[in-house]
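Each ligand, and each atom within it, is numbered from 1 in the order the structure gives.
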Amino acid sequence: MKISLVSAGAAELNVDALAIPVATGQRLTGAALELDRAMGGVLSEMVVNAEFRGRIHEVLPIPAQGKIAPRRVILYGLGAVHDLDGQRLRSAHHELVRASRTWGYKRMAVLRSEPLGADSLKAVVEGCVMGTFERRSRQTGAAPERREIDEVALVGFGGGREREVVAAQENGEATNRAREWQNAPANELTPDALAQEATQIAQRHNLEIEVLGPAELKAGGYNLLLGVGAGSAKPPRLIRVRYHGTSSSPGGEGGSGRMAAPVGRGEASTENVPVLALIGKGITFDSGGISLKNPENMSRMKDDMSGAAAVLSAIDVIASRKLPLDVMAVIAAAENMPGPSAQRPGDVIVSADGKTVEIVNTDAEGRLVLADALTHALRNGATHLIDLATLTGAATVAIGHAASAATSNDDDFWSVVDQASREAGDRVWRLPMYADYRILLRSQIADLRNSEYGEAGTIMGGMFIAEFAGGKPWAHIDIAASAWNTNDELTTILRGPSGAGTRLCIELAERMALRGAELRAMVAR
Ligand code: BES
Ligand code: ZN
Ligand code: MN
């Protein structure tokens with residue numbers, strides 16, 4: 001899909017459909033009103049008569065009958081202006097494009113008119129690109145229900161913004177790539193296949209890549225990851241892709257020879273430049289293991305690698321955009337299966353950083369593999385950590401599908417994550433980590449237990465992982481609900497795989513790169 005900024009008048013565009021945004025309770029204004037006049041007032045008639053209300057996901061095609069160059073006008077709804085955040089804005093455009101694909105339009109235009117501000121360009125492009133997503137079918141000879149759009153012209157967004165369009169298009173496509181991986185069946189996307197996907201990304205951008213298999217995992221003491229993967233015939237993988245975005249780090253790990261970052265105002269003094277670790281849970285199938293899940297909806301557990309999908313897609317964009325920041329993606333990939341060599345409830349395992357863990361429930365496997373993945377990131381010089389994981393069913397209870405649930409040990413780092421989330425239209429909501437809960441992690445026999453805390457399931461998942469963050473700024477994003485909306489009644493949240501966390505990670509890296517550059521400029525002065 002080609003997306004371009006055009007300066008021609010909307011009425012002159014030779015397109016199949018021209019889309020005009022409308023918010024509830026608002027009348028047409030500006031360029032939309034001019035078009036309405038050219039069409040003899042039919043647009044405002046639909047709005048004034050409340051046949052079109054501007055509700056989010058409402059789309060109404062109207063024949064232009066030769067009065068203007070576009071063949072159709074589409075009124076599309078944004079909902080109430082005070083409800084319109086980045087995520088809903090993207091969702092509205094996702095729906096606009098999906099509807100247009102159903103109707104078979106090839107060339108489209110989107111008019112920027114109130115209530116869309118000039119700053120909505122990124123959200124509009126990302127939403128439209130996400131609307132092109134179609135789960136790849138494995139059906140033989142099935143005809144696609146929706147067609148492809150060739151071109152989208154953006155009218156009235158201002159000139160000279162081509163780079164913003166390209167970047168937003170990349171973000172949308174990265175989100176869709178994550179969605180495709182989420183949807184891939186577990187017999188296709190095994191831990192090794194995930195490692196191959198990572199290798200392809202690394203090769204494309206000439207990045208450092210390391211894939212640890214069982215022998216190396218054993219040598220490194222990554223017993224929690226090994227334990228989770230022990231029941232499966234498909235061996236686990238610990239995948240690390242490293243992007244060097246600052247010239248001062250020519251391949252060396254651990255900080256030697258790096259430019260020292262200055263001590264900024266209220267900024268923690270780190271000796272090295274920041275190294276952001278994007279850590280993804282990559283359970284390619286979660287049967288629960290010996291603590292076997294209920295068969296109902298178990299097939300959905302093919303998406304238990306959604307965190308891995310998000311961080312892989314993100315580092316692909318970060319590297320291709322050559323962001324001035326050091327970033328690594330770490331993926332703990334395994335299949336959680338019962339079997340003769342599977343770990344048992346009651347087993348005690350020594351983690352890579354030496355803490356002992358009682359496996360009370362083999363179905364609480366995400367926190368186990370993430371614990372070792374955090375240790376691996378720290379061993380490789382990470383200074384800031386963010387993990388993304390389909391970790392707890394309780395996230396659906398606490399927050400539902402409309403946002404990811406988060407925990408963090410650092411208010412400053414969290415505020416950057418929070419801002420990135422708003423900018424990316426990829427919602428996160430932080431839950432508290434009260435010290436009082438820490439006692440619930442205790443085991444009679446080991447340092448920690450992985451389950452049976454009695455309450456606060458999503459928070460406890462975060463608090464378990466926090467034990468392995470080495471005191472570094474860390475945020476945990478539980479995407480168990482946000483990665484895949486299964487609630488058919490919740491229609492304005494993307495249904496099926498959403499790519500949750502992809503744009504969040506990209507935006508976080510962008511913000512950290514920007515801050516690093518500002519700090520460097522401050523010393524240079
Ligand atoms: N992958 C699941 C969490 C999940 C559940 C994701 C539903 C998406 C939808 C995770 O590994 C899991 O099984 N969590 C347990 C933890 C419990 C045993 C402490 C859960 O949520 O029940
Ligand atoms: Zn799981
Ligand atoms: Mn599980």
Show the atoms of ligand 1 that are less than 4.0 angstrom away from any heavy atom in [X].
X: T390; result: 1 (N), 2 (C), 3 (C), 6 (C)
X: E365; result: 11 (O)
X: A480; result: 6 (C), 8 (C)
X: R300; result: 8 (C), 9 (C)
X: K281; result: 1 (N), 10 (C), 11 (O)

*asked:* Checking R101 against E148 for the salt bridge (Lys or Arg N to Asp or Glu O under 4.0 Å) test, could you report, in this order, the C-alpha distance in whole Å, the side-chain angles of both residues, the deciding distance, and whether it holds?
replied: CA-CA 6 Å; R101 289 174 53 218; E148 278 176 30; over 6 Å; no

*Is atom 21 (O) of ligand 1 close to the protein, meaning a heavy atom under 4.0 Å from it?*
yes

*Are the ring centres of H57 and Y76 closer than 6.0 Å?*
no

*Would you say the ring centroid of Y243 lies under 6.0 angstrom from that of H205?*
no

*Start with the C-alpha distance between D303 and R179, add both sets of side-chain angles, then the distance that settles salt bridge (Lys or Arg N to Asp or Glu O under 4.0 Å), and finish with yes or no.*
CA-CA 9 Å; D303 89 329; R179 297 165 89 183; over 6 Å; no

With a 4.0 Å cut-off on heavy atoms, does [X] reach ligand 1?
X: K293; answer: yes
X: E452; answer: no
X: S451; answer: yes

_Could you check whether atom CZ of R135 has more than 12 heavy atoms from other residues, nucleotides or ligands sitting under 6.0 Å from it?_
yes

*Out of D478, V397, D363, indicate the one that has the non-hydrogen atom closest to atom 15 (C) of ligand 1.*
D363

*Closest by any non-hydrogen atom to atom 18 (C) of ligand 1: pick that one out of V360, D304, N361.*
N361

*Look at the rings of H476 and W474 and say which category their plane angle falls in: under 30° parallel, 30 to 60° tilted, over 60° perpendicular.*
parallel

*To the nearest 0.5 angstrom, please state how far the CG atom of N450 sits from the CG atom of L224.*
9.0 Å

_Spacing of D488 atom CG and R495 atom CZ [to the nearest 0.5 Å]_ = 6.0 Å

*asked:* What is the name of the N/O/S atom of E365 that is nearest to the Mn ion (ligand 3)?
replied: OE1

_So that I can check it, does any N, O or S atom in D304 come closer than 2.8 Å to the Mn ion (ligand 3)?_
no

_N or O pair under 3.5 Å between G393 and ligand 1_ = yes

*asked:* With a 4.0 Å cut-off on N to O distance, would you call E507 and K122 a salt bridge?
replied: yes

*Ion pair D387/K281, N-O distance below 4.0 Å*: no

*Relative to the Zn ion (ligand 2), which of the N, O or S atoms in D304 is the closest?*
OD2

*If you check every N/O/S atom of D286, which is the one nearest the Zn ion (ligand 2)?*
OD2

*Run the salt bridge (Lys or Arg N to Asp or Glu O under 4.0 Å) check on R242 and E210 step by step: do they pass?*
CA-CA 9 Å; R242 180 70 155 84; E210 173 195 69; over 6 Å; no

Taking [atom] as the reference point, the nearest protein heavy atom with its distance:
atom: atom 7 (C) of ligand 1; answer: M301 CE, 3.5 Å
atom: atom 16 (C) of ligand 1; answer: R367 NH2, 3.8 Å
atom: atom 2 (C) of ligand 1; answer: D286 OD2, 3.5 Å
atom: atom 14 (N) of ligand 1; answer: L391 O, 3.2 Å

*Candidates M301, M305, M298, R300 - the one meeting side-chain contact (heavy atoms from CB on, under 4.5 Å) with D286*: M301

*Rounded to 10°, how many degrees is the angle OE2/E365-the Zn ion (ligand 2)-NZ/K281?*
90°

*Where the Mn ion (ligand 3) is the corner point, what angle links OD2 of D286 with OD1 of D363, to 10°?*
100°

*Should the proximity of M298 to ligand 1, defined as any heavy atom under 4.0 Å, be assigned to the side chain, the backbone, both, or neither?*
neither

*H93-E126 side chain donor-acceptor pair, cut-off 3.5 Å*: no

_Do R379 and Y222 form a cation-pi contact, if we require the NZ or CZ to be under 6.0 Å from the six-membered ring centre and within 45 degrees of the ring's axis?_
yes

